[in-house]
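Reviewing the structure listed below.
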Number of protein chains: 2
Amino acid sequence: MNGQKERDGEISLKLFVVLSRAMQAIQKRVEANIKGFGLNLTEFAVLELLYHKGEQPIQKIGQKVLLASSSITYVVDKLEKKGYLVRQPCPNDRRVIYAVLTDEGKKMMEKIFPMHREAMMEILGGLTTEEKEWTIEKIKKLGLYAKKGESST
Amino acid sequence: MNGQKERDGEISLKLFVVLSRAMQAIQKRVEANIKGFGLNLTEFAVLELLYHKGEQPIQKIGQKVLLASSSITYVVDKLEKKGYLVRQPCPNDRRVIYAVLTDEGKKMMEKIFPMHREAMMEILGGLTTEEKEWTIEKIKKLGLYAKKGESST
DNA sequence: TATAATTATTTCGAAATCGAGATAATTGAA
DNA sequence: TTCAATTATCTCGATTTCGAAATAATTATA
């Protein structure tokens, strides 16, 4: 008998729908919040990476923020035009270009990151801290497994 | 003392990152799977809605699939060109246009939906059925809460 | 050393999505 | 009934992302 398998099929479909809807609602609110600072989610993610991890080669940014290389070029262009970062060629390897926060970029993040954290607590306030910890574990497992099979299925 | 609040801030940030990464990995695989049938995720979602719920007014589709009205026009155009659905004016209300699956569209879904379900079970195989059920509950709570506050924060 | 393979970044064109506004039909209120 | 407000769809221009290919530099191999 495989009623069990049938059931897992339905539940898997359901989980995907629920996850998609929740993410969309959450992202929409986070995006709205950050738009107030003249940034979109991607731009914020890049600035945050540089703010917390220091200067990064362009392509490292792509790996962390999960963007194609051509997309990063675009985002870094925009942030450079806005004055939040500069491109800095690596002296050892002339293929590499670092993205480096400007003082203005640093100041910006100092100002808005705490606000972002507050907003995050509010937006994700549907679960208690303990529930969030549990959920992080489960979602991490889910994500790692999905990533592992990237080539096979 | 508010060390508790500090902690929830960090955990909320973490949860957002984990959710984003997991969703991206999952979506990438689902997308890859469906691409084999010449569809993207949005097109599949629209076809699935019509397949399971029957013909729908264009704007109902937008609500269900969470797309702006202009985006649905675009998707429905594509599906119509591919021959999977047709537009059918509503006789009672001449503003309304229904999207209706063609026989070809129906046949297509009959063929690919079971495969999609199988793929889904595989992709989301990182959790047991019970864990999935638990996760659905939590993510639902999270999503509903985030949606509720859409206007305020 | 010369050549091939790899790596980092950019350019370019296409796809997907959005929001604002246009058009047309319906509903509600005076 | 008439006019204003609402509703459904579409058009248009802009934004964001992608993948394929171009360019340039580095590393590995023969």
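Below, read A as the first sequence line, B as the second, and so on, with proteins coming before strands; counting in each chain starts at 1. As a basis for the values below, the full set of heavy atoms in this structure was taken, side chains included, without hydrogen atoms, waters or symmetry mates. Everything numeric here is computed off the predicted structure, so don't read it as measured data.
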Sub-3.5 Å donor-acceptor pair from the side chain of [X] to the main-chain atoms of [Y], do we have one?
| X | Y | value |
| --- | --- | --- |
| B:Glu43 | B:Asn40 | yes |
| A:Gln24 | B:Leu66 | yes |
| A:Arg29 | B:Ala146 | yes |
| A:Glu133 | B:Ile11 | no |

Over 12 non-hydrogen atoms of neighbours within 6.0 angstrom of NZ in B:Lys14: no
In this structure, how many angstroms lie between the [atom2] atom of [N] and the [atom1] atom of [X], rounded?
| X | N | atom1 | atom2 | result |
| --- | --- | --- | --- | --- |
| A:Lys28 | C:dG19 | NZ | P | 8 Å |
| B:Phe44 | C:dA16 | CZ | C1' | 19 Å |
| B:Gln59 | D:dT9 | CD | P | 5 Å |
| B:Gln24 | D:dC18 | CD | C1' | 12 Å |
| A:Leu41 | C:dT17 | CG | P | 17 Å |
| B:Gln27 | D:dC18 | CD | C1' | 15 Å |
| A:Ile58 | D:dA24 | CD1 | P | 18 Å |
| A:Asn92 | D:dT27 | CG | C1' | 15 Å |

Would you mind telling me which of [options] lies closest to the side-chain atoms of [X]?
| X | options | answer |
| --- | --- | --- |
| B:Ile97 | D:dC18, C:dT9, D:dC10 | D:dC10 |
| B:Ser69 | D:dT9, C:dT9, C:dC18 | D:dT9 |
| B:Ser70 | C:dT9, D:dT9, D:dT11 | D:dT11 |
| B:Tyr74 | C:dC18, C:dA15, C:dT9 | C:dA15 |
| A:Arg94 | D:dA25, D:dT11, D:dT9 | D:dA25 |
| B:Arg95 | C:dT26, D:dT26, D:dT9 | C:dT26 |
| B:Asp93 | C:dT26, C:dC12, C:dT17 | C:dT26 |

Given DNA chain D, 5'-ward residue of the pair A:Ala68 and B:Val96, judged by closest heavy atom: B:Val96
Residue mapping more 5' on DNA chain D - nearest nucleotide basis, B:Lys35 or B:Thr73: B:Thr73
Distance test, side-chain N/O of B:Asn40 to OP1/OP2 of C:dA15, below 4.0 Å: no
B:Arg87 vs D:dC10: side-chain N/O to OP1/OP2 distance below 4.0 Å: yes
Side chain to side chain donor-acceptor pair (under 3.5 Å): pairs with one or both residues in residues 49-68 of chain A, sequence neighbours excluded: A:Glu48-A:His52
Overall bend - the helix from C:dT1-D:dA30 to C:dA30-D:dT1, comparing terminal axes fitted on five pairs, nearest 10 degrees: 10°
Mind checking if [X] touches a base, just sugar-phosphate, or nothing, with heavy atoms under 4.0 Å?
| X | answer |
| --- | --- |
| A:Lys78 | sugar-phosphate |
| A:Leu67 | sugar-phosphate |
| B:Asp77 | nothing |

Gap between atom CD1 of A:Ile112 and atom CD of A:Glu118 - 0.5 Å precision: 14.0 Å
Atom pair CH2/CD1 of B:Trp134 and B:Ile139 - distance to nearest 0.5 Å: 8.5 Å
